[in-house]
Engineer: 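Mind having a look at this structure? Questions to follow.
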Amino acid sequence: MLVGYQSWAFPSNPMILSTAVIGGPMEGRGPLADEFDLLHSDLRMQQKSWEQAERMLLDETCAKAIEKAGLSKDNITFFIAGDLMNQIISSSFAARTLSMPYLGIFGACSTSMEGLALASLMIDADSARYVMTGTVSHNAAAEKHYRYPTEYGAQKPPTAQWTVTAGGAAIVTANDGSGNHPIVTRATVGRVIDMGLTDPFNMGAAMAPAAFDTLVSHFRDFDLAYDYYDLIITGDLGKVGHRILLDLCEQHDVPVPRDRFKDAGMMVYGDIPDVWSGGSGCGCSASVAYGYVQRQLREGRVNRVLMVATGALLSPISYQQKETIPCIAHAAAMERGEGRKS
């Protein structure tokens, strides 16, 4: 159901039946290591290339989500997925393995919440029985694709971010009234915002205005107080982008409580010094949303969470042709299975 200018409400409260998150060795060093279903100790994961490792990571994550849901792949009505590689090949190859009806999407690092919003819309409209949505990123594959191959050893500025090696997947279905699973209540589709930045080593600064625009739009469309959510998580802005977003909120009198405001790019690695400004990549927001957030909701530590996933919509070609970096953010609200808290 359309609400306001760019948001959807889901009156049936679609249910997140299961989630799965699988990561790499660096993710095992971070404070959220226990939120992963599996952590690989080898970045190559015994594959012949970084790209093949990324594909395998999404294959594994989807298989784990299906297993945790107690389903078979034949039960899934639609598979929605996207990634950062050329023509979203990791997702398309995973869909080939899964052999299920597939919708490929690209929202860069915002793909996780774009997929969750679309999956929830399908379930709420009674257009599917089970929808699986997933995404993946791999540090070495992304560095090779967007910047310099890891083997090159290029130095990076403090504004740079470390692409998270992780796959995240969720299976969404109709609410059965059990109250045992988190639900998706709302979503806001972001607009493309371009502030003229061109530096691929400063993605946080480029994406922060898009996060701010979607955040304000969400609260405006639903006429919610800014303290409605127990937790608002952006991602993947990192330290630099998060600071800019806080400054934008202050400048425009957006009173989001600071103690409820976090960023996935900062959460996934904590104080690890090797990651510069923090984490990035499709797997960044996905791993936090489908790992950490799900546990917080299931265990009743929080009742309402708004996830605002951010993405930089550049490509190697656009960067080489001196184009600026257009950005977007998509938001999805997840709540405890008992329903909305008043």
Side-chain angles (χ1 to χ4, degrees), residues 6-7 51 54 58 80-92 103-118 133-139 141-148 159-164 166 168 187-218 234-238 240-242 244-245 248 263-265 277-286 289 307-332:
Q6 62 195 81
S7 297
E51 291 77 14
E54 179 172 297
L58 186 55
I80 303 172
D83 56 85
L84 295 172
M85 291 298 99
N86 302 46
Q87 290 78 48
I88 57 171
I89 53 172
S90 297
S91 300
S92 299
L103 293 167
I105 59 175
F106 181 80
C109 306
S110 71
T111 297
S112 60
M113 291 304 101
E114 181 180 356
L116 184 62
L118 291 170
T133 180
T135 189
V136 67
S137 58
H138 187 287
N139 179 272
E143 291 299 310
K144 172 183 173 183
H145 186 68
Y146 283 100
R147 300 177 184 93
Y148 299 104
T159 56
Q161 293 170 251
W162 180 279
T163 303
V164 172
T188 297
V189 178
R191 300 185 302 153
V192 175
I193 305 294
D194 189 339
M195 300 302 293
L197 278 72
T198 59
D199 185 0
F201 291 106
N202 193 5
M203 296 293 207
M207 294 187 292
F212 177 77
D213 185 78
T214 299
L215 183 71
V216 172
S217 298
H218 181 84
T234 58
D236 43 349
L237 299 179
V240 173
H242 183 65
I244 293 172
L245 178 58
L248 287 170
D263 183 74
S277 182
S280 68
C282 291
C284 184
S285 292
M307 195 84 195
V308 186
T310 53
L313 305 177
L314 81 165
S315 75
I317 291 176
S318 68
Y319 169 68
Q320 290 164 10
Q321 294 181 355
K322 309 301 181 183
E323 293 283 354
T324 55
I325 302 175
C327 298
I328 199 164
H330 299 297

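Position 1 is the first residue of the sequence; numbering continues from there. Quantities reported herein were computed from a predicted structural model and do not represent experimental measurements.
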Engineer: Does a side-chain heavy-atom distance below 4.5 Å link L103 with L118?
Structural biologist: no

Engineer: If we only count heavy atoms from C-beta on, is the T111 to D83 side-chain gap below 4.5 Å?
Structural biologist: no

Engineer: Do you know which two heavy atoms are closest between A210 and A329, and how far apart they sit?
Structural biologist: O-CB, 3.6 Å

Engineer: Do K144 and E51 make a side-chain contact, defined as non-hydrogen atoms from C-beta onward lying under 4.5 Å apart?
Structural biologist: yes

Engineer: Measuring from I105:CD1 to T133:OG1, what's the distance to the nearest 0.5 Å?
Structural biologist: 5.5 Å

Engineer: Compare every heavy atom of Y146 with every heavy atom of L84, then report the nearest pair and how far apart it is.
Structural biologist: O-OH, 3.3 Å

Engineer: Which heavy atom in L313 sits nearest to a heavy atom in A108, and how many Å separate them?
Structural biologist: CD2-CB, 4.0 Å

Engineer: Counting only heavy atoms not in F201, do more than 12 fall under 6.0 Å of its CZ?
Structural biologist: yes

Engineer: What pair of heavy atoms forms the shortest contact from S110 to A309, and how long is it?
Structural biologist: CB-O, 3.3 Å

Engineer: Could you give the distance from CG (D263) to OG1 (T310), rounded to the nearest 0.5 Å?
Structural biologist: 7.0 Å

Engineer: Nearest 0.5 Å, what's the CD1-OG1 distance between I80 and T135?
Structural biologist: 12.0 Å

Engineer: According to ring-ring contact (aromatic ring centres under 6.0 Å, His included), who are the partners of H330, at least two apart in sequence or on a separate chain?
Structural biologist: none

Engineer: Tell me the closest heavy-atom pair linking E143 and Q161, and the distance in Å.
Structural biologist: OE2-O, 4.3 Å

Engineer: How many angstroms lie between CG in N202 and OG in S277, if you round to the nearest 0.5 Å?
Structural biologist: 7.5 Å

Engineer: Under a plain distance cut-off of 3.5 Å, with no hydrogens placed, do S285 and D236 share a side-chain donor-acceptor pair?
Structural biologist: no

Engineer: Just jot down the side-chain contact (heavy atoms from CB on, under 4.5 Å) partners of A312, sequence neighbours excluded, or say none.
Structural biologist: M203, M207, L314, I325, C327

Engineer: Which atoms form the tightest heavy-atom contact between A286 and G168, and what is the distance?
Structural biologist: CB-CA, 4.1 Å

Engineer: Please identify each residue that fulfils side chain to side chain donor-acceptor pair (under 3.5 Å) with T198, with sequence neighbours left out.
Structural biologist: none

Engineer: What's the spacing between L215 CG and L245 CG if we round to 0.5 Å?
Structural biologist: 6.5 Å

Engineer: Tell me if a side-chain donor or acceptor on S137 pairs with a main-chain N or O of V164 at a distance below 3.5 Å.
Structural biologist: yes

Engineer: First locate atom CE of M113, then atom OG1 of T214, and finally report the distance between them rounded to the nearest 0.5 Å.
Structural biologist: 13.0 Å

Engineer: Keeping S91 on the side-chain end and G82 on the backbone end, is there a donor-acceptor pair under 3.5 Å?
Structural biologist: yes

